[in-house]
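Whatever order the structure lists ligands and atoms in, that order sets their numbers, starting from 1. Reckoned from all heavy atoms, side chains included, excluding hydrogens, waters and symmetry mates. Bear in mind that the values here come from a model prediction, so they are computed numbers and not experimental data.
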Amino acid sequence: MAIENFNIIQALCRSALSTPNNAVLQQITRLKDALKKAGHDKEAKSLESLLASSHKSLEMTPSKIRQSFAIGKGDELTSKTPVPVDKETSTPLAEIHFGNDLPDEIPVFEENIREAIYSIITEWTKFDKLLEIEAFPASSCLIYGLPGTGKTHLAKWIAKQIGLPVVLARLEGLMSSFLGTTAKNIGNLFAFANRYNCVLLLDEFDAIAKLRNDPQEVGEVKRVVNTLLQCLDSRKDQGFTIGVTNHETLLDPAIWRRFDIQIEIPKPSPMVAISLLRKFLQPLEFAENEMKLFAWCIEDSTGADVETLAKWIKRSHIVDKEMTISHMVRQFALLNSGRVDERKRSVILSNDEEFINALIEDDKYSFKQVDIAPLFGMTTSSLSKLKSKMK
Ligand SMILES: Nc1ncnc2c1ncn2[C@@H]1O[C@H](COP(=O)(O)OP(=O)(O)OP(=O)(O)O)[C@@H](O)[C@H]1O
Ligand SMILES: [Mg+2]
């Protein structure tokens, strides 16, 4: 026997599924199961096919991860949502970043790091499957490494992938000179983040997550870290949290444990440095040997230093098109003492002979004489002559 008004029920379900979320899917699945149990096979089948096509479209939407995070939990954060402030100074405790302010491209890393980072995102697209086996995807991630290695960029990119706005904690707002106020501010910040669907980003995290046994700082640090521990626990099932630090040794061990994932971002390898240079030098293009010299010069520096070198090269290229690459690198080394390795810097700033010799003897980059000569504005035969003179 057909159910009276089922066509209306069906239309309602179809309309709800046009913007599917997990709560809607769950209720329609319940209805389908109940109909089936009551022997209304035809109606149950029709809901089943509605659910199947909705699952498919859900699978394909880029906001799949966002949906998993938003399962009937928080309110939507908009540009009009008031941000909590420090009561004494009225400084905002956070700033909100929406998708448009967040980077589209993942920073340039070694393949294994990239893969590991992508796996965090993929976990969230399998949210339903994980729940079926009573597992929950990672919801917190600590990113640490040297300054200028792309940690903040990475944190924002992850947030962009999740598809939710970022609540970026502002240290100058959170930290108060009044006793107890910092802890209170942290509590308010987490309460705010837990109320809305968002990614909470705690950049320069070490400032508030200091070791509790630091003899310099007594009661207040303990109070702040204890509050932070409770807050991190309260956030566990509420949304994604990212902590970023370049002083990981200063973090309290209990704080470390609260993060499901801990990623160390290393300095770029020579290969990564060349990819970074290519990216930052666009639209300019340089020959392989020229790129190799740039990478050699900036070896063991951070991604931010590579970016500075690329900007320098661009400017030099425009100012003096005829400038040899070795001259360009020399000027950079002269004006960027903190960015170029001390040993390399003294070689770069010495005479051509020593510079060329260091390049020939470097086994990592395996420069050949034909590569080196044009970098110094020489022909290969004049370089050979210089070499034999050196001997
Ligand atoms: N691996 C990388 N790929 C792409 N860009 C990078 C990379 N490393 C650094 N950069 C660039 O260098 C600059 C600094 O990066 P970012 O602010 O993310 O570094 P950080 O690790 O957070 O540094 P700090 O610890 O000083 O805050 C940015 O412009 C960023 O795009
Ligand atoms: Mg940073």
Side-chain angles (χ1 to χ4, degrees), residues 94-97 99-121 140-162 166-175 199-210 240-251 255-256 259 261-284 286 291 294-295 297-315 332 336 338-341:
E95 54 193 54
I96 317 289
H97 292 265
N100 289 346
D101 322 327
L102 301 171
D104 286 318
E105 278 181 47
I106 185 170
V108 183
F109 293 135
E110 295 282 353
E111 195 47 40
N112 56 354
I113 299 182
R114 264 170 75 95
E115 260 178 37
I117 293 164
Y118 271 109
S119 74
I120 311 173
I121 312 292
S140 55
C141 167
L142 181 69
I143 302 174
Y144 65 98
L146 289 169
T149 44
K151 301 180 300 295
T152 302
H153 180 153
L154 172 65
K156 290 183 173 169
W157 178 83
I158 294 177
K160 172 118 182 179
Q161 296 306 300
I162 290 173
V166 175
V167 170
L168 175 62
R170 284 185 57 177
L171 289 176
E172 68 275 29
L174 283 175
M175 312 272 278
V199 172
L200 176 60
L201 175 48
L202 305 158
D203 207 351
E204 322 268 341
F205 187 47
D206 42 280
I208 49 169
K210 279 199 196 119
F240 207 89
T241 311
I242 306 178
V244 179
T245 177
N246 45 36
H247 298 293
E248 73 277 10
T249 48
L250 296 183
L251 293 193
I255 297 274
W256 269 96
F259 286 89
I261 288 170
Q262 297 147 357
I263 315 174
E264 180 175 10
I265 305 298
K267 284 183 184 171
S269 67
M271 288 267 284
V272 170
I274 288 185
S275 311
L276 269 171
L277 277 167
R278 260 203 198 99
K279 171 185 151 70
F280 292 134
L281 282 170
Q282 272 170 14
L284 299 184
F286 288 85
M291 295 298 281
F294 295 142
C297 158
I298 203 81
E299 188 180 359
D300 224 26
S301 303
T302 65
D305 295 332
V306 175
E307 189 174 8
T308 309
L309 170 62
K311 282 185 184 152
W312 167 261
I313 297 168
K314 277 185 165 175
R315 292 203 300 270
F332 179 78
N336 291 271
R339 295 195 170 90
V340 181
D341 172 80

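- Aromatic rings of Trp256 and Tyr144 (six-membered ring for Trp) have centroids within the 6.0 Å cut-off, being under it.
- Residue pairs satisfying the side-chain hydrogen bond (donor to acceptor under 3.5 Å, both in side chains) criterion with at least one member in residues 199-209, sequence neighbours excluded, are listed as follows: Thr152-Asp203, Asp206-Thr245.
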Extract all N/O-N/O pairs under 3.5 Å that connect ligand 1 to the protein, and present each with both atom names and the distance rounded to 0.1 Å.
unit_1: ligand 1; atom_1: 1 (N); unit_2: Val108; atom_2: O; d: 2.8
unit_1: ligand 1; atom_1: 3 (N); unit_2: Val108; atom_2: N; d: 2.8
unit_1: ligand 1; atom_1: 8 (N); unit_2: Thr149; atom_2: O; d: 3.2
unit_1: ligand 1; atom_1: 8 (N); unit_2: Gly150; atom_2: N; d: 3.4
unit_1: ligand 1; atom_1: 12 (O); unit_2: Glu307; atom_2: OE1; d: 3.1
unit_1: ligand 1; atom_1: 18 (O); unit_2: Lys151; atom_2: N; d: 3.4
unit_1: ligand 1; atom_1: 18 (O); unit_2: Thr152; atom_2: N; d: 3.2
unit_1: ligand 1; atom_1: 18 (O); unit_2: His153; atom_2: N; d: 2.9
unit_1: ligand 1; atom_1: 19 (O); unit_2: Gly150; atom_2: N; d: 3.3
unit_1: ligand 1; atom_1: 21 (O); unit_2: Gly148; atom_2: N; d: 3.4
unit_1: ligand 1; atom_1: 21 (O); unit_2: Thr149; atom_2: N; d: 3.1
unit_1: ligand 1; atom_1: 21 (O); unit_2: Gly150; atom_2: N; d: 3.1
unit_1: ligand 1; atom_1: 21 (O); unit_2: Lys151; atom_2: N; d: 2.9
unit_1: ligand 1; atom_1: 21 (O); unit_2: Lys151; atom_2: NZ; d: 2.7
unit_1: ligand 1; atom_1: 22 (O); unit_2: Thr152; atom_2: N; d: 2.9
unit_1: ligand 1; atom_1: 22 (O); unit_2: Thr152; atom_2: OG1; d: 2.7
unit_1: ligand 1; atom_1: 23 (O); unit_2: Gly148; atom_2: N; d: 2.8
unit_1: ligand 1; atom_1: 25 (O); unit_2: Lys151; atom_2: NZ; d: 2.8
unit_1: ligand 1; atom_1: 25 (O); unit_2: Asn246; atom_2: ND2; d: 2.6
unit_1: ligand 1; atom_1: 29 (O); unit_2: Glu307; atom_2: OE1; d: 2.6
unit_1: ligand 1; atom_1: 31 (O); unit_2: His153; atom_2: ND1; d: 3.0

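- In this structure, Lys314 contributes its side chain and Pro283 its backbone to no donor-acceptor pair below 3.5 Å.
- By the 30° and 60° cut-offs, the orientation of the rings of Phe259 relative to Phe205 is perpendicular.
- No option in Arg114, Lys279, Lys160 other than Lys279 meets the salt bridge (Lys or Arg N to Asp or Glu O under 4.0 Å) test with Glu105.
- Donor-acceptor pairing under 3.5 Å is recorded for the side chains of Thr302 and Asp305.
- Using a cut-off of 2.8 Å, one finds that Asn246 contributes no N/O/S atom close to the Mg ion (ligand 2).
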